[in-house]
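FYI, side chains are in, hydrogens and waters are out, and symmetry mates aren't considered; it's all heavy atoms of this structure. In listed order, ligands and their atoms are each counted from 1. From a predicted model like this one, the values you see are computed outputs, not experimental measurements.
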Amino acid sequence: MNRYNSLIGLLILFFSCNFCFSQSSEELWLSYSQPLNNKLKETYTSKIKHIQIKTFSETGEIIKTELQMLATKMLDTSISFTSTTPQIIIAKIDNLDSKFKQKINSQSLVNNESFIIQTITVHQKDLLIITGKTDISLLYGTYCFIKQLQLHKDISSISITDSPKIQLRILNHWDNLDGTVERGYAGFSIWDWHLLPGFKKEIYYEYARANASIGINGTVLNNVNSNAYILTSPYLQKVKTLADIFRPYGIKVYLTARFSAPIELGKLPTADPLNEEVIQWWKSKISEIYKEIPDFGGFLIKANSEGQPGPNTYGRSHVEGANMLATLLEPYQGVVMWRAFVYSEQQSEDRAKQAFNEFAPFDGAFKENVLVQVKNGPIDFQPREPYHPLFGAMPKTSLMMEFQITQEYLGQGSHLVFLPKLYEEVLSTDTYAKGKGSTIAKIIDGELYQDHRITGMAGVANIGTETNWTGHPFAQANWYGFGRQAWDPTTSAESIAKEWLSMTFTTDSLFIQQMTPLLINSREAVVNYMTPLGLHHIMNAEHHYGPGPWIANMSRPDWNSIYYHRADSLGLGFDRTQTGSNALEQYPKEIQEQFSNIHTIPEAYLLWFYHVPWDFKMKNGHTLWYTMAWYYQQGVNEVKNMQQTWEHMQPYVNNDIYQDTRMLLEIQYSEAQWWRNACLLYFQQFAKMPLPEFIPEIPHTLDYYKALKFPYAPGIHPSWN
Ligand code: GCW
């Protein structure tokens with residue numbers, strides 16, 4: 001019996017046992033156990049009883065397993081995989097009978113991952129075809145078909161054609177070889193390096209399944225703060241095992257490479273990228289990797305940032321470093337993803353300007369298989385940042401987006417924040433790079449610069465060993481949403497929210513109607529109670545959790561909160577206009593025109609770009625101080641609304657999820673107040689104005705908030721009100 005058949009049995013047993021009393025970890029949005037009425041059950045059952053899968057690959061077996069799970073769990077039935085009188089045929093376009101093929105518009109299969117799901121009529125009978133050019137496209141088509149059932153759609157005359165708009169859709173794991181995860185809030189790393197390559201844990205298959213279902217096709221296994229050991233032969237054997245597991249799911253493996261590995265592993269005196277011995281070392285290392293993993297994706301590199309080694313260490317440029325590796329990877333079709341998150345050892349005049357200054361001059365100099373990976377904003381994954389000015393400024397370079405899925409600065413494991421809303425805001429931002437409508441989505445999906453050979457989007461993973469994968473149960477939605485927006489960066493956050501809620505819990509319209517706005521508004525809520533009006537980087541600087549606008553004692557000024565908010569008796573905010581650091585100059589003229597006037601800049605970015613007097617009159621007619629307080633209170637109120645909505649959701653979700661989320665929302669509510677109280681008390685020292693009447697009395701002093709230690713002992717989570 002092959003491993004997939006035995007897997008079917010095991011998985012079905014596992015899932016059915018678990019669901020009765022809790023949401024089991026592995027289900028995610030693929031539980032297939034939402035309530036379904038009998039009529040729909042009958043309709044679906046009658047349409048998927050007989051399926052022919054005309055591919056004999058491992059991927060074909062995965063497709064079969066998935067469909068059988070769907071049938072068992074959702075429809076209490078089983079599918080016969082047959083070649084006689086099938087109702088559904090799943091086959092590569094080249095393997096379809098010509099009489100079927102001629103009814104399909106194969107021109108719309110624009111790449112190897114595109115698929116078509118189409119009902120055709122043959123001898124007065126409906127036949128559903130799922131087709132594409134490759135096995136992976138069939139897998140994607142199957143997941144899309146399954147989703148239609150999960151969403152309770154009418155499948156009688158289904159016709160869907162879809163292709164990913166972005167080529168590399170990649171998770172970045174910041175997982176260390178010792179099992180910890182940098183900025184991970186869901187337990188430990190799921191890669192068990194000690195037990196690999198021998199132990200092929202079930203979780204690896206589940207991980208691949210979940211990712212394939214949302215179109216993720218690459219994974220960087222280790223932290224960008226890299227350990228050279230990942231490149232040693234024993235570790236490459238471990239990596240190979242994972243690559244072999246992921247391959248039939250369409251997922252390639254990538255590694256972060258420590259730039260100084262030739263010194264650490266090769267015992268060379270230098271890692272200078274122009275040194276012949278160094279080049280030879282990389283060459284033979286890369287050849288060793290491809291011998292084991294012929295479809296290895298390539299390297300992700302963090303160079304000369306936060307203490308990581310890089311070409312600058314040897315007097316060479318980013319281009320020289322990236323191109324050296326790219327040249328060696330080229331014969332194998334490997335890529336280099338070179339991060340633009342350069343946070344140099346020396347403090348710069350304005351940290352927000354550094355990446356642009358270092359990278360924009362190199363436009364056109366990187367080799368074709370180099371992608372420059374740029375964080376969405378110029379500082380660091382804050383609740384809200386203006387977009388990174390490199391987008392639109394490097395037309396001759398493949399720029400890839402880096403989003404953070406893990407919630408480093410957004411409440412970590414305890415706040416419910418639906419990130420697709422943040423991603424949507426960034427992706428739909430106009431850079432005017434080629435006139436109006438030059439959105440970031442169009443830059444990273446290659447629409448704007450057609451000659452870009454490679455397109456990509458990376459998400460820093462929020463996955464760990466927690467039984468629900470992500471810590472906060474709703475953080476699963478961020479993983480899901482990242483995949484959907486990497487597939488198509490114009491996908492709306494709202495449609496993602498509806499899909500995820502329906503697939504994970506129930507399609508009940510009352511549930512969806514109430515929960516969709518809760519998810520959608522959760523992003524603005526966190527901006528409001530943490531960093532309204534363009535404030536940023538005012539968290540506790542050590543662990544990035546909780547407020548710390550008073551932080552002034554880190555070893556570098558640009559790690560301090562006061563560097564970013566610049567509160568003084570005159571006002572608040574970082575002047576990045578001409579009178580200040582002029583970071584605004586890095587943006588296109590259309591943005592400069594709008595933002596260089598304090599009255600026309602969107603207020604959401606006001607304090608990012610201006611040092612604003614406390615009594616400045618805002619659009620609402622009130623002062624800055626009053627308005628800022630209003631936003632903080634608004635954030636708190638929004639979390640209260642979330643709690644109130646959730647109170648009514650008990651009938652729709654299992655009790656564990658209900659109780660856990662309830663508790664987490666309580667924590668979020670209390671911490672929203674913590675942020676509000678601490679920030680307002682701190683800023684009030686400078687504003688010297690009374691707290692507006694809508695702020696409830698704050699029961700503690702500023703010193704109390706400054707002295708608080710995190711994390712708290714279990715059971716004594718303080719209440720801030
Ligand atoms: O935001 C900072 C994080 C670091 C991270 C770095 C980066 C992996 O606090 O933990 O290091 O960004 O993106 O490289």
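Distances shorter than 4.0 angstrom do not occur between any heavy atom of Phe381 and any atom of ligand 1. At least one heavy atom of Lys375 sits closer than 4.0 Å to an atom of ligand 1. By the 4.0 Å heavy-atom criterion, Val460 is excluded from the residues contacting ligand 1. Ligand 1 does not have Gln404 within reach: every non-hydrogen atom of the residue lies 4.0 Å or more from it. Contact between Tyr409 and ligand 1 is present, with at least one heavy atom of the residue lying under 4.0 Å from the ligand.
Tyr229 OH: 12 or fewer foreign heavy atoms inside a 6.0 Å radius. More than 12 heavy atoms of other residues, nucleotides or ligands sit less than 6.0 Å from atom OH of Tyr314. For Glu585, the CD atom sits in a loose shell: 12 or fewer heavy atoms of surrounding residues, nucleotides or ligands are nearer than 6.0 Å. The number of heavy-atom neighbours closer than 6.0 Å to CD of Gln237, taken from other residues, nucleotides and ligands shown, is above 12.
Looking from atom 9 (O) of ligand 1 to the surrounding protein, the closest heavy atom is Glu408 OE2, 2.5 Å. The closest protein non-hydrogen atom to atom 4 (C) of ligand 1 is Glu182 OE2, 3.3 Å. When hydrogens are left out, the protein atom nearest atom 6 (C) of ligand 1 is Glu306 OE1, 3.1 Å; that is the closest non-hydrogen contact.
Aromatic ring pairs are classed by plane angle as parallel below 30°, tilted from 30° to 60° and perpendicular above 60°; the pair His536 and Phe574 is parallel.
Counting heavy atoms from C-beta outward, Trp191 and Thr219 have side chains that approach closer than 4.5 Å.
Near Lys302, meaning under 4.0 Å from one of its heavy atoms, ligand 1 places the atoms 6 (C), 7 (C), 8 (C), 11 (O), 14 (O).
Residue Asn223 has no N or O atom closer than 3.5 Å to an N or O atom of ligand 1.
For the pair Arg566 and Tyr563, the cation-pi test (distance below 6.0 Å, angle within 45°) is passed.
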